[in-house]
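Counting starts at 1 for both ligands and their atoms, in listed order.
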Amino acid sequence: MDYSSLWLNWQPINEPPAFMSGICARVHSASGKAALRELQEGFAAMTGRRPADTAAGACLCITETDAEDESYAFIREGETLRLEGGARGLVFGAFDLLRGLALGKREFDGASAPRYSVRMLDHWDNMDGSIERGYAGRSFFFEDDRILNGPRIRDYARLLASCGLNGCCINNVNVKAEAVRLLTPDHWPALAELAKTLAEYGIKLWLSVSFAAPMELGGLDTADPLDEAVCRWWEETTAALYKAVPNLGGFLVKADSEGRPGPFTYGRTQAEGANMLARALAKQGGKLLWRCFVYNCTQDWRDTKTDRARAQCDHFAPLDGQFDDNVLLQIKNGPVDFQVREPVSPLLGRLEHTNSIIEFQITQEYTGQQKHLCYLIPMFKDILDFRLCHRAENDSVAETVSAVCAVSNMGRDYNWTGHDLAGANLYGFGRLSWDPALSAEEIAREFIRLALGDDERIIAEVLPMLMRSREVYEQYTAPLGIGWMVNPGHHYGPNPDGYEYDRWGTYHRATNTAIGVERGPNGTGYTEQYRKPLSDMYADVASCPEELLLFFHRVNYDYVMRDGRTLIQRIYDDHFAGYEAAEEFAQSWDRLEGLLPEDLFSRVQERFAEQLRSAREWRDIINSWFYRRSGIPDIHGRELY
Ligand code: GCW
């Protein structure tokens, strides 16, 4: 096989429970049969014997019910185990059972249902086969403007379902070139085939569409959402598409964002634009995911009034309640753009009457591009657990949003995710989407045991490095929430002034005495977008969490932090410490030689070599840049250039 099976690589288990000797199945749908097949093959791999096709004696009885949802239940009857659920529920239940068995669980009981009904991956794949911000090879969905299908797509669907996901948007939100034409019948037969492959495993297909499609494809001279001909075009196109491609989840739209067309061109609001599309979709039972990544991306650096962090709340909070029920506002986890440290987006706490879907990024655009180890699940957990204070209780992000998605980190590489350990981010995002109460450590442990090997020595090396990796990456890159400081364009490697004189609104405004944008009430007022007491906490330097100090405040280099160190000394210390920790990771990995498959071991070893090279570069460039700005030496006399 020219790609790995990641966490679906079932190994022989000790003391298999009696029910694994036979399977009695009452399934009829394609998904029910897929679940059965997974169980047959999984049991065979784990026990070394194909389970008998039987209802006699101890066995697993799987029964497909008419339930439409994704829940399933295990019921114990002596030595026999029953698994019941609707077509989709059985798929998730089958993988839950297999995972449990592989991890040593022997007793199964009770029901399970996902926390969210939309749990998806957004691919930024282009139809020429390239991937925007892709770090794991080319697209497995597209090549040469064609849609691909086949065993790899089927295994992709298995991977998604087995960690709990149920949807994927296959094309880039920047809908350009041939992708615009996914809305034309030319591509529908292939889309229908793809949707069928995915549906077998309970995965829905979604499409990114261009707001200007009525002009680009329909020959209209406007895309005005209040224009009757435009509404009719969307309605007819959507109806025909759904007829040809059933099981479509709906559309994802990036409008009025970074040059993409949108309702603003016609003087219409984001709600007017979204609702027009949502109505066309509602007739087909589809949903609209409308991105909130709307900001001025042509800001002059001399303009100190505009604050990009404010933009999404400024645009969308006043529209709360104006969106149709089948619209989900898609909100990035932070107010700016997937930096290694950002506060939680205040917009999440400002929508009382609008559905939302939080967008995470597991492709590591700003977190090491799958060359650096950066396990993101602890950060996602912090975000999901964060209390928005918009109501007295049940106010966490997890309890506020109605759905979750993440920008995919997958591609055509052998290991799917570039860095073999980046599979933990994919697996972990899926597991959290089903059950946000799982802990980051539990998830990491599962991933290691399933994907790398169930061996205490492997866990002992890999678990601590996964758990520390985000903090370490943060230490040697841009400090304390300031963000950016990357090379423009590709966003890899340090460049403290890379975006400073550019038009993207991501300034640090460093002088020889201070750095940062003041975002409190006396600054841009961004902190006021949070509910109390969050707004007060962030507004005051004294109560602002220090890891976000430079996100919220403009601070002098000699500002004294809570532990008595100056800001500049903290920056130096973090950079030296971060690099040293990266060195420890590489050494720790080296100790696994011989315990892991040779190819996997050396692939990751190479990644650590690059991480070390790059971490050293980050450390030296960031430290030297701050030293030369501030003129303040390191109190420990370490080398600054
Ligand atoms: O983070 C930025 C990326 C763009 C991306 C954009 C977005 C798909 O650099 O590549 O475009 O965000 O999220 O729309």
Would Arg619 count as a cation-pi partner of Tyr579, with NZ or CZ less than 6.0 Å from the six-membered ring centre and within 45° of the ring normal?
yes
At what distance, to the nearest 0.5 angstrom, does CG of Leu148 lie from CZ of Arg138?
10.0 Å
Do Tyr530 and His390 make the cut of ring centroids closer than 6.0 angstrom?
no
Partners passing salt bridge (Lys or Arg N to Asp or Glu O under 4.0 Å) against Asp125 (at least two apart in sequence or in another chain):
none
Quick one: table the atom pairs, ligand 1 N or O against protein N or O, below 3.5 Å, distance rounded to 0.1 Å.
from, atom 1, to, atom 2, distance (Å)
ligand 1, 1 (O), Asp337, OD1, 2.9
ligand 1, 1 (O), Asp337, OD2, 2.5
ligand 1, 1 (O), Glu365, OE1, 3.2
ligand 1, 9 (O), Arg133, NE, 3.1
ligand 1, 9 (O), Arg133, NH2, 2.9
ligand 1, 9 (O), Glu365, OE2, 2.6
ligand 1, 10 (O), Glu132, OE2, 2.4
ligand 1, 10 (O), Arg133, NE, 2.9
ligand 1, 11 (O), Glu132, OE2, 3.1
ligand 1, 11 (O), Asn174, ND2, 3.1
ligand 1, 11 (O), Lys254, NZ, 3.4
ligand 1, 12 (O), Lys332, NZ, 3.2
ligand 1, 13 (O), Arg291, NH1, 3.4
ligand 1, 13 (O), Arg291, NH2, 2.7
ligand 1, 13 (O), Lys332, NZ, 2.7
ligand 1, 14 (O), Lys254, NZ, 2.6
ligand 1, 14 (O), Arg291, NH1, 2.8

Does the side chain of Glu272 come under 3.5 Å of the side chain of Tyr266 through a donor N or O and an acceptor N or O?
no
Verify whether one side chain among Trp504 and Gln299 offers a donor that lies under 3.5 Å from an acceptor in the other.
no
